[in-house]
Amino acid sequence: MEEIIKQTIWQKALLIFAYGLILLMIIFSIMAITGKGRDYFDKCIQEKCGRSDEHCNKAREIYNCCKGAGGELTSKNGGPSCAFP
Amino acid sequence: MASIVTVLLFFLYTWGLGSGATHFLKKSEDSLENFFMQIGIGLGVFAILSIILNALHAPLDWRIFLFLSLLMPTYKLYLRYKNKNFKIKILTLTKSNLRTTIVLFIFFITLLIYLKGAFVYPYLENEDPWGHSEGVKYVALEKKAFDPPVTVKGRFFDSTLSYIDPYPPAYDILLGTLHQTSSNITWTMKFFNALIISLGIIFFYFLLKRFLKNENKALLATFILAALPSYLSHFIWAHSLAVTLFFPAMYAFNNIFEDKNWWYIAALMVAGIWVSQNLEQPIKLSTMLLLYLIIISITQRKLFYRGFIALGGGIILSLSWWGIVVKKYNLSVFLSTLSSEVASLEVASIGGASSSTFFSKIIAGLKAITNAGGSSSRPYGFNDFFIAQPQNLINTPIGIGIIVTILALVGTIYILVKYKSHLVEYKNSSLIITLFWLIYTFWAVNGETFPISIARGAFRTWMLLAIPVSIVAAEGIFFLKSVISGYTKNKLIWRLILTILLLAIILTSAKQKYDLNTAIWPTSSAFSSPQEAFEFGAWFKTIPDNTRVFLYSPRPKIVIGFGKWGCNWCQDELDFRINILDRTAEELYEFLKNKNYEYLLISPSMDFRQFSKKFGKEIINQKLPEKYREIIQSGFFTPVYQKENLLVALKVN
């Protein structure tokens, strides 16, 4: 029969912390999956613009925001744009 | 081109230093494990030793490293001679050795793939490797790793060599030392970078053998790590060394339980990590080590103080680099180069703004080390993990692959369901540590996806995520084994399923890794296309290694990266380049002749792009053709090679 050893408070805290973090990762992941689309893209670009104008117009940054929002990079008026299905 | 002697020297340096450092310690009974882990430990010892030698202003000469590496093995040989002990342990075919043989096979395949990809084009990829080539050349020639005392107009900090001073230079010192005995820098960098990453596969196996205490699981996890596209590509940068050193470091920490004196090896490995890359990976890897130490302390119900001393001691030892750098540049300037957040704060502080309090400094520091941004960081979606793509980032490929993702999910759920509260018991420490590593690295990768970021450079954490993923995926396979064992005792069925699983991993992860790592990668923005770089490579191949070639464009690192010689750290050359377009053909000739340059290389498209940045397109459109005419008609130079609009190589008469 397996010996039952009482866990210390630290062990209990570690276990709760581990489960709590896993739960948090699941919540964050669901939020990330459901929160995609045009709004996400616009918010992402706004954040980039907040850093600098250069960030705002860089093709790579637009690509990164577009991919992150689940869109496809296209071309519009000679510049990069993001299209959503 | 290839230097077999240098390959032997690499193993002599690393094995010699590793063997010497661990001589008085209790080691494994497995001689193959000892041999390979001594190489891994030697790699870390080399890193910190080279920094200490540099701090003492000792020349970074391969003969000094060879001497230091051979000290202990020579002493051991002497003891054997004295005791007349010439017994050689013959390797026998055991199950354990068979597993090691499989790991060595995985290592060779990995190395071959990386080498195939690295040599499929003649140039260095992207930008970082060209920058490293300058550092490597500098160390090889100057035998030191402090910036040269030169100034460049308009730049007061880190004016020449990007990956030396304040950047911790252990990676460039290692390659520079190897370059001293291997004349072709391109081959040296490509080969040894691939070798270091591939050796990591072996170190990982022996670490897991100890950590998981299950050789089969260790073998499976090693196979999965080698198959993952996200675990290090053959891109040449300091991350290759820093991440690889994590395995011998963890191995040393784990061995403290066998022999308490392993703590100093652990400290040396931590120090090696901290002097190999510019803080980002050292901070992340140290966080993973810290998680290990905290969890071990909790599960064994006793503070693992030797481990903490090793971690702290290693970081303190790395001050042999960081201390000097901070003293040299002063803390404010040094910090401002690390992050814009700290920089803005420092500016506010200089301006007397009251906002720059102690707490705001702490917050800015935290922001700096948890800034998820970076050139390739972006929010990731499910498919980025689930489907490994052959077309990918070249420095940090992303993606896990369908089968490994499913196995990792199954493995994680299995661990949680099977062990429940027993997860925090000492015997299950490796599982709870792996879970915490998984959470940490997964969160770090998703720094731009999740509301809060916990680590710097989200995209550069993919390689670290691959470590716990491979372990939990191996757990997933073992879970499947236990399920199938419940239905049938026929081992053949399990072996068949395992074979199918491994093949599926190859098809959904390893193949994409192979495709990416053997593709033609893009190169420096100095070139307008890879074709242009191929043409450069074709001409450079026709002249001997280290021939002095002066590139008219202000990008001498291109010459160095192609295995020739140019000087970006010579003050006279830096000065000459400032107004190079105003120099007459005769002045150019005199300068090149005095500096013993044999060739002048002109690349119209590169020159146009580079000079336009400084002088404007209109001026350059008019001035460059005139300059070319003057140079060619001067009689000081003889054209020896030409590719229309791409390059003209001129012999300095």
Side-chain angles (χ1 to χ4, degrees), chain A residues 2-37 39-45 47-52 54-55 58-73 82 84-85, chain B residues 291 294-303 340-341 371-385 393 398 409 412-413 415-416 419-429 431-436 438-443 445-454 458-459:
Chain A
E2 200 177 327
E3 190 189 353
I4 298 167
I5 304 165
K6 203 165 176 253
Q7 288 178 348
T8 64
I9 188 150
W10 287 104
Q11 283 172 302
K12 284 176 187 164
L14 180 68
L15 192 68
I16 294 166
F17 191 50
Y19 278 99
L21 283 175
I22 290 166
L23 191 67
L24 192 66
M25 290 302 99
I26 294 168
I27 294 168
F28 280 173
S29 300
I30 292 168
M31 279 166 62
I33 291 167
T34 53
K36 292 204 163 195
D39 289 347
Y40 185 94
F41 173 75
D42 292 340
K43 199 177 145 217
C44 180
I45 288 292
E47 270 175 28
K48 303 279 180 194
C49 294
R51 286 186 206 172
S52 72
E54 196 190 339
H55 266 86
K58 244 186 188 173
R60 188 175 61 200
E61 301 296 344
I62 296 171
Y63 168 81
N64 284 344
C65 283
C66 186
K67 282 293 272 185
E72 281 301 321
L73 200 71
C82 191
F84 293 89
Chain B
L291 285 171
I294 292 170
I295 294 168
I296 283 283
S297 296
I298 292 174
T299 56
Q300 71 166 356
R301 302 165 181 221
K302 200 171 115 190
L303 185 69
S340 54
E341 289 88 349
N371 179 1
S375 56
S376 302
S377 289
R378 67 172 171 84
Y380 300 109
F382 180 74
N383 282 348
D384 290 318
F385 293 87
L393 294 175
I398 66 167
L409 285 171
T412 308
I413 295 165
I415 290 169
L416 292 172
Y419 294 95
K420 296 187 184 85
S421 62
H422 295 289
L423 205 51
V424 286
E425 286 171 13
Y426 181 61
K427 60 183 178 190
N428 300 322
S429 299
L431 295 174
I432 185 84
I433 289 164
T434 305
L435 276 186
F436 267 89
L438 184 67
I439 294 165
Y440 172 68
T441 53
F442 180 70
W443 195 340
V445 160
N446 285 296
E448 291 228 335
T449 322
F450 293 171
I452 309 160
S453 167
I454 54 161
F459 78 106

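Protein chains get the first letters and strands the later ones, always in sequence-line order, with residue 1 at the start of each. Keep in mind that what you see is a predicted model, and the values were worked out from it rather than measured.
- Proximity to chain A (any heavy atom under 4.5 Å) is restricted, for B:Phe436, to the side chain, taken from C-beta onward.
- For chain B, the option among A:Tyr63, A:Phe17, A:Tyr40 with the highest count of heavy-atom pairs below 4.5 Å is A:Tyr40.
- With sequence neighbours left out, B:Ile294 forms a side-chain contact (heavy atoms from CB on, under 4.5 Å) with B:Leu290, B:Ile298, B:Phe308.
- Between chain A and the options B:Leu435, B:Leu416, B:Leu423, heavy-atom pairs under 4.5 Å are most frequent for B:Leu416.
- Scanning both residues, B:Arg301 and A:Gln7, for their nearest heavy atoms gives NH2-CA, 3.7 Å.
- Contacts of B:Ile439 classified as side-chain contact (heavy atoms from CB on, under 4.5 Å), with partners at least two apart in sequence or in another chain: A:Leu21, A:Ile22, A:Met25.
- In plain terms, the two heavy atoms of B:Ser421 and A:Leu15 that are nearest each other are CA-CD2, 3.5 Å.
- Only the side chain of A:Leu24 comes within contact range of chain B, judged by heavy atoms closer than 4.5 Å.
- Counting heavy-atom pairs closer than 4.5 Å to chain A, the top-ranked of the candidates B:Ser297, B:Pro451, B:Pro379, B:Ser377 is B:Pro379.
- To the nearest 0.5 Å, atom SG of residue A:Cys44 and atom CD of residue B:Glu448 are 7.0 Å apart.
- Using cut-offs of 30° and 60° for the angle between ring planes, the B:Phe450 and A:Phe28 rings count as tilted.
- Note: A:Ser29 leads A:Ser29, A:Ala13, A:Ala69 in heavy-atom pairs under 4.5 Å with chain B.
- Within a 6.0 Å sphere centred on CD of A:Glu72, heavy atoms belonging to other residues, nucleotides or ligands number 12 at most.
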